[in-house]
Colleague: 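Before I ask anything, here is the structure I am working with.
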2 protein chains.
Amino acid sequence: MARKSKEDAEETRKNIIDSAIELFLNKGVSSTTLNDIAENAGVTRGAIYWHFKDKTDILADIFSEVMNPIDTLAREIINDEAKTILDLKEHLKFVLKDIIFDKRKADIMSILLTRLDYSDQYKDFFNEHNVSHCKLLDATSIFFDKLQKKGTISTKFSARMIASSMHCFLSGLLTEHFRSEKDVMLKDHYGEYIEVFFAQIIN
Amino acid sequence: MARKSKEDAEETRKNIIDSAIELFLNKGVSSTTLNDIAENAGVTRGAIYWHFKDKTDILADIFSEVMNPIDTLAREIINDEAKTILDLKEHLKFVLKDIIFDKRKADIMSILLTRLDYSDQYKDFFNEHNVSHCKLLDATSIFFDKLQKKGTISTKFSARMIASSMHCFLSGLLTEHFRSEKDVMLKDHYGEYIEVFFAQIIN
DNA sequence: TGAAATATACATTCATGTATGTATATAATA
DNA sequence: TATTATATACATACATGAATGTATATTTCA
């Protein structure tokens with residue numbers, strides 16, 4: 001085969017991306033070759049090199065697809081849409097739900113968090129992800145600080161400390177979920193996890 | 001050069017391991033070649049192949065060095081050394097401190113958590129690590145269950161839920177710490193993080 | 001007919017594994 | 001104790017395969 005219509009070309013492009021996602025998930029990014037991707041997509045490497053510069057370029061395309069959900073969350077908090085802890089909890093639950101049940105998003109986040117090792121060639125992706133994290137950290141710090149001044153939440157810990165804890169909790173929750181869905185019961189209890197974090201466990 | 005004394009051989013072996021750890025940390029496991037390791041250790045690949053079967057074998061050796069701290073923690077809880085939440089918190093703080101400040105342990109855990117992507121060739125390591133996690137999950141579940149029956153902690157959530165949350169929190173804490181030491185203030189506040197998790201944040 | 005969308009072919013690099021060479025530590029022996 | 005044999009601890013060289021990138025051929029749309 002050779003040249004196809006513009007729509008067909010767009011289709012092969014999508015096939016390549018889909019194949020890449022599938023393989024990245026199953027084999028990990030670094031051990032997936034362009035040949036693997038091509039075969040899985042039913043094309044040759046020629047097609048891949050037409051649409052993409054290299055493997056990193058494919059990855060960039062994949063990650064650009066979902067505006068980082070963490071980032072969205074940060075924006076909402078910055079935009080002052082959350083007034084109370086209850087609001088924040090609802091936001092968090094929504095974001096979790098969104099990431100977990102939107103298969104495409106889940107797959108992509110899973111690749112970022114568990115199928116990519118921290119090496120030079122992928123540094124940019126981690127940096128970008130880290131920027132989002134920092135944004136969220138700052139936003140929630142400010143948020144908790146406000147609540148502390150209002151007297152809504154305890155001042156036993158600094159706002160930043162609480163924000164950082166929350167952030168690590170969420171990160172760990174997702175990472176463990178993607179690492180082994182069986183052990184973390186996130187799908188059935190995502191709301192509860194959020195509640196646990198903010199609840200008083202001790203009587 | 002050629003044959004050296006048994007002590008010298010042991011030394012080169014250690015050099016190889018140290019070089020590997022250093023490079024795995026800096027470049028990630030998959031993009032580190034045996035040649036990189038050899039050069040960095042001041043030997044040739046011949047030396048590496050004398051001491052190890054392949055890269056995976058080096059990794060296995062590295063991981064076997066530290067008995068997984070998570071595992072140790074689980075054992076202590078199973079052995080009933082923790083009677084109260086206070087005990088548990090102290091245990092957790094100790095484990096955290098141990099992992100963070102023992103550079104060797106920190107490096108190795110960092111490799112496991114952030115420098116290794118989840119692919120077929122490394123599946124065994126993740127499995128082993130996961131077994132430890134499950135042990136800890138079971139142990140803490142039983143622990144929290146006891147405390148709930150005693151009435152020491154809230155019964156609003158299932159013991160397993162609380163255990164899983166704690167587990168994800170710890171995992172996230174370490175992972176984020178290793179990903180970027182700057183953003184997580186674990187070194188200066190490791191105790192506080194533990195306190196935050198068990199504290200009542202809401203007034 | 002020209003350019004777009006691929007396949008094909010090829011050149012190159014690179015990592016791995018293995019085979020072999022070699023010097024020497026160590027043990028056996030006399 | 002001196003000598004010899006052998007296993008050890010590497011270095012070197014090579015063979016191979018695999019992944020990549022690129023150049024070119026091929027088809028076909030527009």
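Lettering follows sequence order; numbering is per chain, from 1. What you see is a predicted model, and the numbers here were worked out from it, not measured in a lab.
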Colleague: Scan side-chain atoms only and decide if A/Tyr193 and B/Ser164 contain a donor-acceptor pair under the 3.5 Å cut-off.
Modeller: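 Yes, side-chain donor-acceptor contact under 3.5 Å.
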
Colleague: Could you give the CD1-to-P distance, from A/Ile37 to D/dA19, as a whole number of Å?
Modeller: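 In whole Å, D/dA19 P lies 12 Å from A/Ile37 CD1.
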
Colleague: A/Glu10 or B/Lys53: which one's nearest nucleotide on DNA chain C is closer to the 5' end?
Modeller: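 Its nucleotide being nearer the 5' end, the pick is A/Glu10.
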
Colleague: Are A/Lys97 and A/Asp102 close enough for a salt bridge, meaning some N to O gap below 4.0 Å?
Modeller: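 No, A/Lys97 and A/Asp102 are not salt-bridged.
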
Colleague: Flag the pair B/Leu59 / B/Leu116 as yes when at least one side-chain heavy-atom distance between them is below 4.5 Å, and no otherwise.
Modeller: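 Side chain of B/Leu59 against side chain of B/Leu116, heavy atoms only: contact under 4.5 Å found.
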
Colleague: Would you say the side chains of B/Asp36 and B/Thr33 form a donor-acceptor pair under 3.5 Å?
Modeller: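 The criterion, which ignores hydrogens and geometry beyond distance, is satisfied for B/Thr33 and B/Asp36.
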
Colleague: A/Arg13 has an atom CZ; how far is it from atom P of C/dA4, in whole Å?
Modeller: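 After rounding, the reported distance stands at 16 Å.
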
Colleague: Would you mind reading off the distance between B/Glu7 atom CD and D/dC10 atom P, rounded to a whole angstrom?
Modeller: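 Taking CD of B/Glu7 and P of D/dC10, I get 12 Å after rounding.
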
Colleague: Nearest whole angstrom, please: distance from the C1' of D/dA11 to the NE2 of B/His51.
Modeller: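 That distance rounds to 13 Å.
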
Colleague: Where the side chain of B/Ser5 is concerned, which of D/dC10, C/dA25, C/dA5 is the nearest nucleotide?
Modeller: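 Of the candidates, C/dA25 comes closest.
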
Colleague: Determine, for nucleotides 10-16 of chain C in 5'-to-3' order, which nucleotides have protein heavy atoms under 4.0 Å from the base (write B), from only the sugar-phosphate (write S), or from neither (write -).
Modeller: -----SB

Colleague: NZ of B/Lys6 versus C1' of D/dA7: gap in Å, rounded?
Modeller: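 Distance check: B/Lys6 NZ to D/dA7 C1' gives 11 Å.
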
Colleague: Do the side chain of A/Ser171 and the main chain of A/His167 share a donor and acceptor less than 3.5 angstrom apart?
Modeller: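 Checking the backbone N and O of A/His167 against the side chain of A/Ser171, no donor-acceptor pair under 3.5 Å is found.
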
Colleague: Is the phosphate of D/dA9 approached by B/Trp50 (side-chain N or O, under 4.0 Å from OP1 or OP2)?
Modeller: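 Checking D/dA9 against B/Trp50, a side-chain N or O does come within under 4.0 Å of OP1 or OP2.
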
Colleague: With a 4.0 Å cut-off, would you call B/Asp107 and B/Arg104 a salt bridge?
Modeller: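 No, no charged N to carboxylate O under 4.0 Å.
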
Colleague: Taking 4.0 Å as the cut-off, does a side-chain nitrogen or oxygen of A/Thr12 come that near to OP1 or OP2 on C/dA5?
Modeller: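 The answer is no; no side-chain N or O of A/Thr12 sits under 4.0 Å from OP1 or OP2.
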
Colleague: Quick one: which of D/dC10, C/dA4, C/dT8 gets closest to the side chain of B/Ala47?
Modeller: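 Selected nucleotide: D/dC10.
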
